[in-house]
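First up is the structure itself, then whatever we jot down about it.
Below, read A as the first sequence line, B as the second, and so on, with proteins coming before strands; counting in each chain starts at 1. A quick note: this is a predicted structure, and the numbers were derived from the prediction, not measured.
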There are 2 protein chains.
Amino acid sequence: MKLNAGVEWVLHTCLNLGWIEEDTREGASTARLAAFYHLPPAYLGKQLQALVRAGILTSTSGPRGGFRLARRLEDISVLDVVTAIEGRTNAFECTQILHDGPGANPATDYRTVCAVSQTMSRADLAWRRELASETLADIRDRVLTFSPGAPRQTRAWFENTRA
Amino acid sequence: MKLNAGVEWVLHTCLNLGWIEEDTREGASTARLAAFYHLPPAYLGKQLQALVRAGILTSTSGPRGGFRLARRLEDISVLDVVTAIEGRTNAFECTQILHDGPGANPATDYRTVCAVSQTMSRADLAWRRELASETLADIRDRVLTFSPGAPRQTRAWFENTRA
DNA sequence: GACATGCTACTCGGATAGAAACTGTCCGAGTTATTGCGG
DNA sequence: CCGCAATAACTCGGACAGTTTCTATCCGAGTAGCATGTC
């Protein structure tokens with residue numbers, strides 16, 4: 001029950017894309033996005049591809065290509081990003097072992113009936129609800145209040161490393 | 001980000017132990033607890049050992065030995081059981097990649113400062129809070145209202161298979 | 001008949017393989033800017 | 001000087017290994033009950 005490391009990477013990367021796109025109207029390539037945090041470029045690219053499939057990013061090939069946000073940060077929830085990487089499966093997956101116990105009803109769907117499954121599902125739901133209630137724009141704003149210079153610094157880095 | 005299968009197994013097993021101990025004053029061996037759901041006995045035993053280390057169960061060796069609840073179901077939260085199996089680590093582990101970015105402060109602990117980490121930690125907290133708010137006794141009571149015959153059926157099975 | 005004693009069967013516990021998922025890497029298909037050539 | 005075409009460089013995308021975690025199994029240490037022999 002450990003989240004993929006890619007979740008942390010792409011969350012920070014999306015924030016960076018948000019700041020880059022405010023400035024230049026273009027995106028950024030995997031190589032530069034990875035270099036910003038010294039991440040393995042190819043593996044970060046793999047995660048970003050998942051975000052493209054989820055409709056969070058768009059990608060363009062060739063020179064001056066790369067990744068861009070498909071929609072505004074206000075319209076991307078943290079849950080959207082997590083789901084894109086981790087998939088739609090819950091942390092607790094009821095295997096309905098009650099079916100293998102005595103006195104089981106083969107027709108019953110214990111994923112909805114079993115009290116254990118209900119409790120675990122409720123916890124998963126609380127987790128998802130918390131992530132769904134926050135957008136990347138909310139996180140960006142919290143970053144701004146803590147370190148107002150972050151956008152400028154980030155943009156400057158991407159400007160300088162381009163040369 | 002998938003929970004161990006053992007979590008489901010031991011939750012159901014603890015409920016069974018609760019019903020057995022209401023009847024006979026004794027516990028049950030791994031073999032019989034596993035046979036109840038056709039689970040791999042040795043692997044279930046491994047999980048139950050983790051619950052012993054966590055102080056949820058007690059174990060006795062030798063003939064007529066096995067596992068017993070260390071305390072009442074009212075005093076065992078679902079979180080206790082999950083933590084015993086999964087460990088105390090959060091689903092999201094902040095690796096502080098901001099330390100590898102430009103303009104980072106080496107002295108800063110980004111696990112508490114980083115806005116991304118804050119959001120993910122909040123979600124993990126909501127998940128844990130939900131699990132901590134429910135005890136095994138709560139689950140047992142919900143089972144009773146849905147299928148009042150469950151305790152008797154379970155006890156009967158363990159009685160019959162003993163012979 | 002009662003008791004001590006050795007034995008047998010049974011249990012947990014940790015050490016040992018196998019499978020699956022995560023992490024990381026590599027090369028190919030496609031695209032765009034560039035550069036050289038011809039008009 | 002302008003337009004066109006071939007080229008070269010750059011990008012994503014999916015296919016291919018390495019590592020960690022989870023799943024499953026096996027055998028040994030220890031214990032409780034039982035059978036046996038003795039008093």
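- With hydrogens and angles ignored, the 3.5 Å screen pairs no side-chain donor or acceptor of A:E74 with any backbone N or O of A:A137.
- With values rounded to the nearest 0.5 angstrom, A:F36 atom CZ is found 4.0 Å from A:T154 atom OG1.
- Between B:T60 and D:dT31 there is no side-chain N or O to OP1 or OP2 distance below 4.0 Å.
- In terms of phosphate contacts, A:S29 brings no side-chain nitrogen or oxygen within less than 4.0 Å of OP1 or OP2 of D:dC10.
- For the segment residues 42-53 of chain A, residues with any heavy atom less than 4.0 angstrom from an atom of DNA chain D are, sorted by number, A:K46, A:Q49, A:R53.
- Between the side chains of B:D138 and B:T135, a donor-acceptor pair is found at a separation under 3.5 Å.
- B:T119 and A:R142 form a side-chain donor-acceptor contact under 3.5 Å, judged by distance and modelled atom types alone.
- A side-chain donor-acceptor contact under 3.5 Å links A:H99 to the backbone of A:T108.
- Remark: side-chain polar atoms of A:S117 are not paired, donor with acceptor, to backbone N or O of A:V113 under 3.5 angstrom.
- A distance-only check finds a donor-acceptor pair linking the side chain of B:T112 to the backbone of B:D109 [under 3.5 Å].
- For A:N4 and C:dA21, the shortest distance from a side-chain N or O to OP1 or OP2 is not below 4.0 Å.
- Residue contacts for A:A31: at a heavy-atom cut-off of 4.0 Å it reaches no nucleic acid atom on any strand shown.
- Between A:T30 and D:dC12, a side-chain N or O to OP1/OP2 separation shorter than 4.0 Å is present.
- Fit an axis to the five pairs at each end of the helix from C:dG1-D:dC39 to C:dG39-D:dC1 and the two axes sit 0° apart, to the nearest 10 degrees.
- Between B:P63 and B:E86, the residue whose closest nucleotide on DNA chain D is further toward the 5' end is B:E86.
- Take the nearest nucleotide of DNA chain D for A:G66 and for A:K2: the residue whose nucleotide is more 5' is A:G66.
- Under the ring pair (Phe, Tyr, Trp, His ring centres under 6.0 Å) criterion, B:W19 pairs with no residue at all, not counting sequence neighbours.
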